[in-house]
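Some notes on the structure that comes next.
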Amino acid sequence: MSVADEAGTRVSGASFVDDENPYVLIAPMSEASDGAYLVSWSVVSSDDGHFTKGGYTYVVGEGR
């Protein structure tokens with residue numbers, strides 16, 4: 001998983017699984033100024049080896 005800003009610059013550090021909940025993946029951000037961000041992720045299923053990927057955007061700040 002990675003997080004990129006509006007310019008496409010990666011702003012997240014290395015992602016890792018939450019120690020308390022293995023269904024939560026954490027991607028620490030080096031900065032979080034106002035603007036739009038794109039979260040991209042990919043995974044390979046441990047059950048059947050199926051690869052899938054996706055993404056979503058979110059916005060930090062008011063009036064956007």
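Numbers for residues simply follow the sequence, beginning at 1. Every value quoted in this text rests on a predicted model; they were computed, and no experiment measured them.
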On a heavy-atom basis, which atom in [X] and which in [Y] lie closest, and how many Å separate them?
X     : Y     : result
Arg10 : Met1  : NH2-O, 3.8 Å
Val3  : Ser12 : N-OG, 2.9 Å
Asp34 : Gly61 : OD1-CA, 3.5 Å

Original post:
Should side-chain heavy atoms under 4.5 Å link Ile, Leu, Val, Met, Phe, Trp and Tyr, which residues sit in the same cluster as Leu38?
Top reply: none
Original post:
Under the 4.5 Å side-chain heavy-atom rule for ILVMFWY, direct or indirect, which residues accompany Ile26?
Top reply: Phe16, Val24
N/O donor to acceptor pairs below 3.5 angstrom from side-chain atoms of residues 40-49, sequence neighbours left out:
from  : atom 1 : to    : atom 2 : distance (Å)
Ser45 : OG     : Asp47 : N      : 3.0
Ser45 : OG     : Asp48 : N      : 3.4
Ser45 : OG     : Asp48 : OD1    : 3.2
Asp48 : OD1    : His50 : N      : 2.9

Subject >> All side chain to side chain contact (heavy atoms under 4.5 Å, CB included) counterparts of Ala14, not counting sequence neighbours >> reply: none
Original post:
Who passes side chain to side chain contact (heavy atoms under 4.5 Å, CB included) against Ala4, sequence neighbours left out?
Top reply: none
Original post:
Can you tell me if OH on Tyr56 sees more than 12 non-hydrogen neighbours from other groups inside 6.0 Å?
Top reply: no
Original post:
More than 12 non-hydrogen atoms from neighbouring residues, nucleotides or ligands closer than 6.0 Å to CG on Asp19, yes or no?
Top reply: no
Subject >> Residue list, ring pair (Phe, Tyr, Trp, His ring centres under 6.0 Å) with Tyr58, at least two apart or on another chain >> reply: Tyr37
